[in-house]
Number of protein chains: 2
Amino acid sequence: MSSNENKNPPDSAVYFRLFTEIGIINQLASNRAERAMPHGLTMSQFGVLNHFSRGLPPKPPLELANAFQVTKGAMTNTLKQLEGKGFVDIVPHENDKRSKVVSISKKGRAAHQDAQIELAKQFADFSEAFSIEEISAQLPALEKLRIWLDENRA
Amino acid sequence: MSSNENKNPPDSAVYFRLFTEIGIINQLASNRAERAMPHGLTMSQFGVLNHFSRGLPPKPPLELANAFQVTKGAMTNTLKQLEGKGFVDIVPHENDKRSKVVSISKKGRAAHQDAQIELAKQFADFSEAFSIEEISAQLPALEKLRIWLDENRA
DNA sequence: CCAATATAGTTCAATATTAAACTAAATGCA
DNA sequence: TGCATTTAGTTTAATATTGAACTATATTGG
C-alpha cells in the first residue's frame, strides 16, 4: 500500500506538527534574538532579567529554576553571571538560612531596556511583515497552551 | 500605513510576548518529549530520524545542518551518534568527494516508530485537553510564521 | 527532644553546541 | 592550464546544561 497518496495521518500527527512548528519558530527566533543581545547577555540571563522586569517580585534561585524549567545547577550558573555583571542582587533569605532571594538591580533594568531596544531592531522586518492585529490574534491560544503545559508538567 | 509603523512600546510588547509564549511552550514540550525518547535518542537525533521518516530524500550533512539551523560541527556529532546506533547510513557522495549522503536505515525507521509511540503516550493527557480541531486551527498561522522566519533569516 | 528525612544551593563529570581552525576537494578565472 | 577561492566535513577549545554527589539548614515523627 503506497503511502504517497491520500494520506490519512493519525490524530497524533496534528499534535506532533504543532510542536514541530513551535520548535522551529523558537529555534529561528532564538537565533535572531541571541545575536541582538547586548552586554554579553545569553538568552538564559535575559530571561531572568525579563522575568523581574515584568514586575514579578524577588524570589529564590530554586523558584527561578522551576519557572524556567532548568536545573538548580544551571540557575546557579546563570545567576553567577548576572551577579558578576551587577544585574541582579542576591541576598540571604530572611527566615531560611539555606536560601537566597534574587532581585533585579537598577543596572539590570537598564540592561534589560537596552536588550529590548536591540531586539526591536533585530525584529523590525518581522514587525513589518506581521501586523499587531495578526499577532495579537494568536496570543490567547498560545497562552492557553502554555498555561496548560505549565500546570500539567509530566 | 499599518499600525506597526509607530514605535509605541506597547506595540513591540505584542511581538515580544509572541516569542516568549512560544519559547515557554517549546521548553515545556521539549522537556516532556526528551523524557519519552527511547534508545537513548536525543531530540536532535530524533529530529534527523523524523526528517527522513517524513519521506524526505537522502541528503548531505550540510543540508541537514541548515535544515535544523545547527552548525556543521553539531551535525557531525549528531550523525556520529546515529551511525553508531545503526539508525542512519552514511555513504560517500557520488560526484563530490568532499561530501557524503545520509539516509535512514531500517533500524532507524523502527526506532523512529518506537519514539512516536512513546511520544503519543507522553502527550496523551495533552491530547485529551486539546481537541484536534482546536490544534488544527492554530497550525496555518504558525506555519506562516515559521515560513517567514525561515525565508528571512537575519 | 532528636534522629531521620527533606530541602536550598553548589560543585563536578559528562554531553551538546558553537565559532573557528583545519583538511581535502571542487570551482573559477586569468 | 594552474593558482586562488570556495565548499564539505572534522576537530578543537570554550560554554551551557544536566544529573548526581555533596554541604548546610529545616522539618518531621517517635
**OP:** Could you encode protein contacts along nucleotides 3-15 of chain C as a string, one character per nucleotide from 5' to 3', using B for base contact, S for sugar-phosphate-only contact and - for no contact, with a heavy-atom cut-off of under 4.0 Å?
**Re:** ----BBBBB----
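Residues meeting the salt bridge (charged side-chain N to carboxylate O under 4.0 Å, His left out) test with B:E34, sequence neighbours left out: none. Qualifying side chain to side chain donor-acceptor pair (under 3.5 Å) partners for B:D150, counting only residues two or more places apart in sequence or in other chains: B:R153. The salt bridge (charged side-chain N to carboxylate O under 4.0 Å, His left out) test applied to A:D89 returns no partner, not counting sequence neighbours. Partners of A:K59 according to the side chain to side chain donor-acceptor pair (under 3.5 Å) rule, which considers only residues two or more places apart in sequence or in another chain, are A:H51. For A:K144, the salt bridge (charged side-chain N to carboxylate O under 4.0 Å, His left out) criterion is met by B:E134, not counting sequence neighbours. Listed by chain and residue number, A:E118 satisfy the salt bridge (charged side-chain N to carboxylate O under 4.0 Å, His left out) test with A:K121 (two or more places apart in sequence, or in another chain). Checked against side chain to side chain donor-acceptor pair (under 3.5 Å), B:Q81 has the following partners two or more places apart in sequence or in another chain: B:N77. Residues passing the ring-ring contact (aromatic ring centres under 6.0 Å, His included) test with A:Y15 are B:F126, sequence neighbours excluded.
Distance, A:Q27 CD to C:dA16 C1': 13 Å, rounded to whole Å.
Using a 30° and 60° split on the angle between ring planes, A:W148 and B:F130 fall in the perpendicular class, above 60°.
The side chain of B:T71 contributes no N or O atom lying less than 4.0 Å from OP1 or OP2 of C:dA20.
A ring pair (Phe, Tyr, Trp, His ring centres under 6.0 Å) check over residues 73-94 of chain A, counting only residues at least two apart or in different chains, returns the pairs A:H39-A:F87.
Each end of the helix from C:dC1-D:dG30 to C:dA30-D:dT1 gets its own axis from five base pairs, and the two axes differ in direction by 20°, given to 10 degrees.
Backbone-only contact: A:N95 has heavy atoms under 4.0 Å from sugar-phosphate atoms and none from a base.
Taking a heavy-atom distance under 4.0 Å as the criterion, the stretch of DNA chain D touched by chain A extends 5' to 3' from D:dA16 to D:dA26.
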